Amino acid sequence: MHDIRTIRENPAAFDAALSRRGLVSMSAQLLAIDEARRARILAAETAQAAQNAASKEAGGAKSRGDEAEFQRLRAFVAEKKDDIARLTAEAEAQDAALKTALEVIPNLPLDQVPDGADEAGNVEIRRWGHPRNFDFTPKEHFEIASIAAQMDFTRAAKLSGSRFVVLQGAVVRLHRALGQFMLDTHVNDHELQETWTPVLVKSETMYGTGNLPKFAEDSYQTTNGWWLVPTAEVPLTNLVAGEIRDEADLPIRMTAHTQCFRSEAGSAGKDTSGMLRQHQFEKVEMVTICTPDTALAEHDRMTACAEAILQKLGIPYRTIVLCTGDMGFGSQKTHDIEAWLPGQNKFREISSVSTCGQFQARRMNARFRPTAGGKPEFVATLNGSGLAVGRCLIAVLENGQQADGSVDLPAVLHPYLGGKTRISATGALV
RNA sequence: GGAGAGGUGGCGGAGUGGUCGAUCGCGCCGGUCUCGAAAACCGGAGUGGGUGCAAGCCCACCGUGGGUUCGAAUCCCACCCUCUCCGCCA
C-alpha cells in the first residue's frame, strides 16, 4: 500500500516509477479522490465540532437550571445530526474509494532495479558452481530409473487430480531430509528463529502481505473463510501486524517449514510433467522484519542464506535480479536464485528473495518505535524461499543421477539419511 | 458442542451517563541530588486523521459494528476474541 502523502508530495516521481513497471500514470486521479476526501473530512469534522460544543453547553445550561436554553441547544443538536451523518458517510465513502484505488497498485521498484518489460530484462548478477559433464544424456527427475516408481503422479491424480504427487521410499526420505537440512542450516548457521505457524489464515492476513484483494484466484479458501497459505511468508510476516515493536528488537529473522497451496491459475499447460509445479508443496521460508534503512543489507543477507543451501548441496546456480516488469506485486527488489537442472538443461527458479520496504507494513500497520525517540515508523519486511523443498529435491536428483539410473546424494544430507549415501539403481537408499 | 467469566493506554489495574483520552501503580524518557549509581523528589510521555509556516487548534479511538441520549469507556443489541469448567477428539 502506498502512502497518499508521498504521492501528494511528489506525484511526478510516483508516476515515473509506475511507468517503469509498465503502468499508466495514476497520481492525478488518486489526488483528485484525495482532495475530495479531505474536503469531506473537513466538513464532517467541522459539523461534529459544532455539535460537540453545543452538547457541552447543553450540559451547562441543564445544571444551571436554564431550561429554555437547554431546549434550544437540544433542538440545535438534533437538527445538526442529519447533516453530520450525511457528511460523515461522504467522508468515509471517499476514504474507502482512495483505499480501494491504492490497494491494487503494486510496489515501486528501487532505482537500482533494471528496467524491463518481462523476464527477458532480468540481469544475472552471479553464478556459482559448474554443471557436471555427463557422459550420457541426463534425464528429468521423474524419468530417472530409480525414482520413477517412488514418485507416483498417476495415483496422486486418482486421489486429487493433476499437479499432485505421492512420494514413497527413498524419494520421500530424501525430501524429508532436505527440509530438515534447510531448517537446521538456517537455525544453526544463519541464526534464524525457527517458527511454526498456522497454514489456514484469515482474509486480513492475506491482505497484509498483498495476496488479497488482487490475487484471490491464486489461492484456495475453505468453506468457512480461511485461506490456505500460498507461502509461509503470509503467516510469518503478519506476526507483527498491528504491533509496535521496539527498534532494539529488530531485526527479527525467522524461518518456517510449511506446506504451501497454490491454485496455479493461469499456468495451465506450464511445467505439467514432474513435480516442478504443484498445487501442494513444501517450502522453507525466511522472513525478516527490520528498519527501512537496513532492508537492503538484510536483502543481501537473506539471499546469501538461500544460496548457502545450494552451495552446501553442491548444486550449481545463478542469481539474477528481476527487472521492473517481472517483479511481484509487493516487491521493491527481488533476487531469484535458479538451480541448474541437467534434465531440462536449464536454470530453474528455486528461490525468490524480495524486499518489500514498508509496502506490506503499511497494509498490516506494523511499526517500530525508534530508539532515538519520535513517532513510530513502519517496519520493512523481506521474504525469501530458503528453499522450495520439492524443487530442491528435483535439483538433487537430476544433478546426482548416474548412467545406471542410481543417484549419488550430497554429503551434507548423509547424516539426515541414516548415513546412507545414494539411491541405488533399484531405488533403495544405500 | 454446552455452561460461566472477561476484553480499558507498553504492562497491571481503576472508572457505571457530562472538561475521561481516561485516577493509580509498574515500566519508560528528561531533570534535581550523588564522585557515580540506587533511593527519593520534580517534570514528560498514547495512536490515527484533518488544518496551519508554526505554536497550536479540531475530529476519532476504552474488542468490533449498530442503537438509546442534548451528551456514552460507562446503558441496550449483535458479532468477534480470550480464559475457566464439562463433553468430544488428533
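Keep in mind that this is a model prediction, so the values were computed, not measured.
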Can you tell me the Watson-Crick or wobble partner of [N], both distances under 3.5 angstrom?
N      : result
B/rG1  : B/rC86
B/rC62 : none
B/rC24 : B/rG12
B/rA40 : B/rU32
B/rG6  : B/rC81
B/rU74 : none

What's the closest nucleotide to the side chain of [X] if the choices are [options]?
X      : options                : value
A/K375 : B/rG48, B/rG49, B/rC70 : B/rG48
A/R369 : B/rU47, B/rG49, B/rC70 : B/rU47
A/R38  : B/rG49, B/rU69, B/rU51 : B/rU51

For [X] and [N], give me the distance from atom [atom1] to atom [atom2], rounded to whole Å.
X      : N      : atom1 : atom2 : value
A/F70  : B/rG18 : CZ    : C1'   : 11 Å
A/R5   : B/rG48 : CZ    : P     : 9 Å
A/D3   : B/rG48 : CG    : C1'   : 13 Å
A/I41  : B/rG48 : CD1   : C1'   : 11 Å
A/F368 : B/rG10 : CZ    : P     : 17 Å

Check your understanding: Should A/F261 and A/H279 be marked as a ring-ring contact (aromatic ring centres under 6.0 Å, His included) after you check the CA-CA gap, both sets of side-chain angles, and the distance that decides it?
Key -> CA-CA 5 Å; A/F261 304 89; A/H279 289 306; over 10 Å; no
**Study point:** 5' priority, RNA chain B, between A/P376 and A/R74 [closest heavy atom]
**Key:**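 With A/R74 and A/P376 compared, the 5'-side residue is A/P376.
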Review point. Taking for each residue the nucleotide of RNA chain B bearing the nearest heavy atom, is the 5' side occupied by A/S55 or by A/R37?
Key: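 Its nearest nucleotide being more 5', the pick is A/R37.
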Under 4.0 Å, heavy atoms only, any strand: does [X] hit a base, just the sugar-phosphate, or nothing?
X      : value
A/F76  : nothing
A/R367 : sugar-phosphate
A/R362 : nothing
A/R40  : nothing
A/Q51  : sugar-phosphate
A/L42  : sugar-phosphate

With rounding to whole Å, what would you report as the distance between [N] and [M] at their [atom1] atoms?
N      : M      : atom1 : answer
B/rU64 : B/rU82 : C1'   : 15 Å
B/rC41 : B/rU34 : C1'   : 14 Å
B/rU23 : B/rG43 : P     : 15 Å
B/rC24 : B/rC79 : P     : 38 Å
B/rC11 : B/rC85 : P     : 25 Å
B/rU68 : B/rG10 : C1'   : 35 Å
B/rU47 : B/rC35 : P     : 38 Å
B/rG30 : B/rG12 : C1'   : 24 Å

Once you round to the nearest 0.5 Å, how far does [atom1] of [X] lie from [atom2] of [Y]?
X      : Y      : atom1 : atom2 : result
A/Q94  : A/R38  : CD    : CZ    : 12.0 Å
A/Y207 : A/M1   : OH    : CE    : 3.0 Å
A/E398 : A/E143 : CD    : CD    : 8.5 Å

Any side-chain to backbone donor/acceptor pair from [X] onto [Y]? Under 3.5 Å, distance only.
X      : Y      : value
A/D15  : A/M26  : yes
A/T381 : A/Q360 : no
A/R163 : A/Q280 : no

Practice item. Please determine, by modelled atom types, if A/S267 and A/E264 share a side-chain donor-acceptor pair under 3.5 angstrom. Key: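 Looking only at side-chain atoms, A/E264 and A/S267 do form a donor-acceptor pair, the distance falling under 3.5 Å.
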Revision key, fill the gap. In B/S/- notation (B base, S sugar-phosphate only, - none; protein heavy atoms under 4.0 Å), nucleotides 53-62 of chain B written 5' to 3' is -----BBS--
Point to revise | Positions of residues 237-254 of chain A (non-hydrogen atom under 4.0 Å from RNA chain B), listed by number | key: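 None, since no heavy atom is under 4.0 Å.
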Practice item. Please say which of A/R391, A/H257, A/R176 ends up in a side chain to side chain donor-acceptor pair (under 3.5 Å) with A/E282. Key: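 By the side chain to side chain donor-acceptor pair (under 3.5 Å) criterion, A/E282 pairs with just one of A/R391, A/H257, A/R176: A/H257.
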Review point. Pick one: which of A/L108, A/N107, A/I105, A/D3 meets side chain to side chain contact (heavy atoms under 4.5 Å, CB included) with A/F359?
Key: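 Among A/L108, A/N107, A/I105, A/D3, the one that satisfies the side chain to side chain contact (heavy atoms under 4.5 Å, CB included) with A/F359 is A/N107.
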Point to revise | salt_bridge(A/R40, A/E92) N-O dist < 4.0 Å | key: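 Here A/R40 does not pair with A/E92 in a salt bridge, since their nearest N and O are not under 4.0 Å apart.
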Distance-only donor-acceptor pairs under 3.5 Å for side chains of residues 45-53 of chain A, two or more places apart:
residue, atom, partner, partner atom, Å
A/T46, OG1, A/L42, O, 2.7
A/Q48, NE2, A/N52, OD1, 3.2

